[in-house]
Participant: 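Let me give you the structure first, and then I'll get to my questions.
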Number of protein chains: 2
Amino acid sequence: MTEPILSKGKRTRQAIEEAAYELFLDQGYSATSMRQIAEQAGIALGGIYNHFAGKEAIFTAVILNQHPYKQILPIALAVEGDDVESFVYNTAQALVDELGYSPDFLKLVFIEVVEFGGKHMAALFQDVFPQILPLLERFQSDKVRAIPPVMLMRVFIGTFIAYYLTEEMLGDVVMPDLQEEAMGHFADIFLHGVLKPKEQ
Amino acid sequence: MTEPILSKGKRTRQAIEEAAYELFLDQGYSATSMRQIAEQAGIALGGIYNHFAGKEAIFTAVILNQHPYKQILPIALAVEGDDVESFVYNTAQALVDELGYSPDFLKLVFIEVVEFGGKHMAALFQDVFPQILPLLERFQSDKVRAIPPVMLMRVFIGTFIAYYLTEEMLGDVVMPDLQEEAMGHFADIFLHGVLKPKEQ
DNA sequence: CCTACCGATCGGTAGG
DNA sequence: CCTACCGATCGGTAGG
């Protein structure tokens, strides 16, 4: 919410990134022209090249600064709940609340996979990995089965991706009424998959 | 394996689709030009328009005919195993064996989401849905917890997508040695999530 | 099914 | 940071 004062140069650069981000989400990378980016950023075409070496440099900046984890991580870190169960359920709830039902927040990664063959992934990963480590601790519990922690985190993240992608694939067409509960089912199945069976 | 005899027109059309399929997987839709498709299909640019109304018509045909489920469904249907456990494990194994570790077979769907906003999804779904119904039966078991069957299928499919997408996202960078076992972990967690706890 | 062409638009740059 | 421009390439078509 804090609006840091940026120099004019920084502000223009920021405007270009935001314009590009919106257009990429909407149309993908190749279908978005430098002219569209310039127009949406309120600048002349030539002006872009004072801030970026070229089109791909814009994408690189965008994916580093607008990557999904930048949205997800703060949400997940702010979630309350001392045990695994409530953490998983609360995170599921919080994510759906903040991100809605659309997989928009995943589209940048899809663009990266489809239009760049994943070649920025390594750089991205270096940036992300240290920051998701704190989340690993929240799975630390003797209720959890013996599963390598990294694998735990991977399946956890994967479960959310799976929810959103299948939402896009068949959410509107089938069972629109089940939508509200769907994320609950994903979280529930994940939890049962990860926890030791309760003796009841 | 059977090579049906096609008329020359059909063969050309098929060659165009296959050329486009390869190029789309490699570059995405927008970055692929009609000239590239023509060249790879061994035809002149103008010739394409005897078979397709335009570029998007090619994509529509490709996604209908080369959609991932066309590869996955036969594999899953051929899997042996009478109980849920062996079905899930064998399917996981068979898919990795046939599709490898790369998410290539998912790229068409990503292109559809990124470059078309998912607008062909409904038509696609009508084609796919009836054919995956038989798979639902293989989850019919009193070992399975009370979960709506459609949701079961959705999480099952989602688990595979999650595996492949996280594989692309961090498979090469981290834990390349764990790769072989990773799918096993996904299947294992899914199974525990879906089955009633065993009294042991 | 090909040749030759259309207008439009692309990413990028020179020069100021 | 803008104006005016570059060569290249785009999807598509006319005509044969």
Side-chain angles (χ1 to χ4, degrees), chain A residues 5-64 66 108 111-112 114-117 119-120, chain B residues 5-64 66 108 111-112 114-117 119-120:
Chain A
I5 294 101
L6 294 175
S7 67
K8 190 166 181 226
K10 294 273 184 195
R11 253 188 292 126
T12 305
R13 193 187 154 96
Q14 183 71 16
I16 295 169
E17 272 184 39
E18 283 168 14
Y21 176 60
E22 283 180 36
L23 289 161
F24 289 160
L25 281 202
D26 229 61
Q27 309 172 329
Y29 173 78
S30 291
T32 297
S33 71
M34 294 296 271
R35 281 159 181 84
Q36 286 176 317
I37 296 173
E39 187 182 16
Q40 180 127 343
I43 203 182
L45 167 67
I48 292 185
Y49 293 88
N50 295 316
H51 300 273
F52 294 95
K55 193 181 175 185
E56 186 168 343
I58 300 181
F59 182 78
T60 307
V62 166
I63 204 178
L64 279 172
Q66 315 282 341
L108 268 189
I111 294 175
E112 163 68 11
V114 167
E115 305 198 63
F116 292 96
K119 71 176 177 178
H120 304 101
Chain B
I5 294 101
L6 295 174
S7 66
K8 190 166 181 226
K10 294 273 183 195
R11 253 190 290 128
T12 304
R13 194 187 153 96
Q14 182 70 16
I16 295 170
E17 272 185 39
E18 282 168 15
Y21 176 61
E22 283 181 36
L23 289 162
F24 290 159
L25 282 202
D26 227 63
Q27 309 172 330
Y29 173 79
S30 291
T32 297
S33 71
M34 293 296 270
R35 280 158 182 84
Q36 286 176 319
I37 296 173
E39 187 183 15
Q40 181 127 346
I43 203 183
L45 167 67
I48 292 185
Y49 294 88
N50 295 315
H51 300 272
F52 295 94
K55 194 180 174 186
E56 187 169 342
I58 300 180
F59 181 78
T60 307
V62 167
I63 204 178
L64 280 173
Q66 313 283 340
L108 267 189
I111 294 175
E112 162 69 12
V114 166
E115 305 197 63
F116 293 96
K119 72 175 177 178
H120 305 100

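Computed from a prediction, not measured in an experiment: that's the story for all the values here. Quick note on labels: first sequence line is chain A, next is B, and so on, each numbered from 1.
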Participant: Please enumerate all residues that pass side-chain hydrogen bond (donor to acceptor under 3.5 Å, both in side chains) together with B:E22, with sequence neighbours excluded.
Facilitator: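 With sequence neighbours excluded, B:E22 shows a side-chain hydrogen bond (donor to acceptor under 3.5 Å, both in side chains) to B:Q40, given in chain and number order.
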Participant: Can you check whether A:Y49 has a side-chain N or O nearer than 4.0 Å to OP1 or OP2 of C:dT13?
Facilitator: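 Result: no.
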Participant: Using heavy-atom distances to pick each residue's nearest nucleotide on DNA chain D, tell me which of B:G54 and A:G42 is more 5'.
Facilitator: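 Closest to the 5' end, via its nearest nucleotide, is A:G42.
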Participant: Could you write out DNA chain C as dot-bracket? Rules: Watson-Crick or G-U wobble, both distances under 3.5 Å, brackets [ ] for crossings, | for pairs with another strand, dot for unpaired.
Facilitator: ||||||||||||||||
Participant: What is the distance from NE2 of A:H51 to C1' of D:dC1, rounded to the nearest Å?
Facilitator: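 Taking atom C1' of D:dC1 as the reference, NE2 of A:H51 is at 8 Å.
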Participant: List every contact pair, protein side and nucleotides 3-10 of chain D side both N or O, where the distance is under 3.5 Å.
Facilitator:
| unit_1 | atom_1 | unit_2 | atom_2 | d |
| --- | --- | --- | --- | --- |
| D:dC10 | OP1 | B:S33 | OG | 3.3 |

Participant: Which residues pass the side-chain hydrogen bond (donor to acceptor under 3.5 Å, both in side chains) test with B:Q36, sequence neighbours left out?
Facilitator: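 Listed in chain order: nothing, the list is empty.
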Participant: Find the distance B:I37:CD1 to C:dC2:P and express it as a whole number of Å.
Facilitator: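 In whole Å, C:dC2 P lies 15 Å from B:I37 CD1.
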Participant: Restricting to pairs with a member in residues 23-51 of chain A, which pass salt bridge (charged side-chain N to carboxylate O under 4.0 Å, His left out), not counting sequence neighbours?
Facilitator: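 Listed once each, the pairs would be none.
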Participant: Whole angstrom is fine here: how far is it from CD1 in A:I58 over to P in C:dG12?
Facilitator: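 One finds 9 Å between P of C:dG12 and CD1 of A:I58, rounded.
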Participant: What's the CZ-P distance between B:F59 and D:dG11, to the nearest Å?
Facilitator: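 Atom CZ in B:F59 sits about 15 Å away from atom P in D:dG11.
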Participant: Please give, in whole Å, the distance from D:dG11 P to B:E56 CD?
Facilitator: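 It works out to 13 Å between those atoms.
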Participant: According to side-chain hydrogen bond (donor to acceptor under 3.5 Å, both in side chains), who are the partners of B:S30, at least two apart in sequence or on a separate chain?
Facilitator: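 side-chain hydrogen bond (donor to acceptor under 3.5 Å, both in side chains) check on B:S30 returns B:E115.
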Participant: Roughly how far, to the nearest 0.5 Å, is CD1 of A:I37 from CD1 of A:I58?
Facilitator: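 Output value for this atom pair is 4.5 Å.
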Participant: What's the CD1-P distance between B:I48 and D:dA14, to the nearest Å?
Facilitator: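 Distance check: B:I48 CD1 to D:dA14 P gives 17 Å.
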Participant: Can you run down the salt bridge (charged side-chain N to carboxylate O under 4.0 Å, His left out) pairs that involve residues 47-56 of chain B, sequence neighbours left out, and say none if there aren't any?
Facilitator: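 Every pair satisfying salt bridge (charged side-chain N to carboxylate O under 4.0 Å, His left out) with a residue in residues 47-56 of chain B: B:E56-B:K119.
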Participant: By ring pair (Phe, Tyr, Trp, His ring centres under 6.0 Å), which residues pair with B:H120, not counting sequence neighbours?
Facilitator: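 Result, ring pair (Phe, Tyr, Trp, His ring centres under 6.0 Å) vs B:H120: B:F59, B:F116.
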Participant: Report the residues that fulfil side-chain hydrogen bond (donor to acceptor under 3.5 Å, both in side chains) with B:Q27, sequence neighbours left out, ordered by chain and then residue number.
Facilitator: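 Partners of B:Q27 by the side-chain hydrogen bond (donor to acceptor under 3.5 Å, both in side chains) criterion, ordered by chain and then number, come out as B:T32.
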Participant: Provide, to the nearest angstrom, the distance between the CD atom belonging to A:E115 and the P atom belonging to C:dG11.
Facilitator: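 Rounding to the nearest Å, CD of A:E115 and P of C:dG11 are 12 Å apart.
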Participant: How close or far is atom P of C:dC1 from atom CD1 of B:I16, stated in whole angstroms?
Facilitator: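 Interatomic distance, CD1 of B:I16 to P of C:dC1: 7 Å.
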Participant: Please give me the minimum heavy-atom distance between B:M34 and B:G54, naming the atom from each residue.
Facilitator: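 Looking at all heavy atoms of both residues, the closest pair is CE-C, 4.2 Å.
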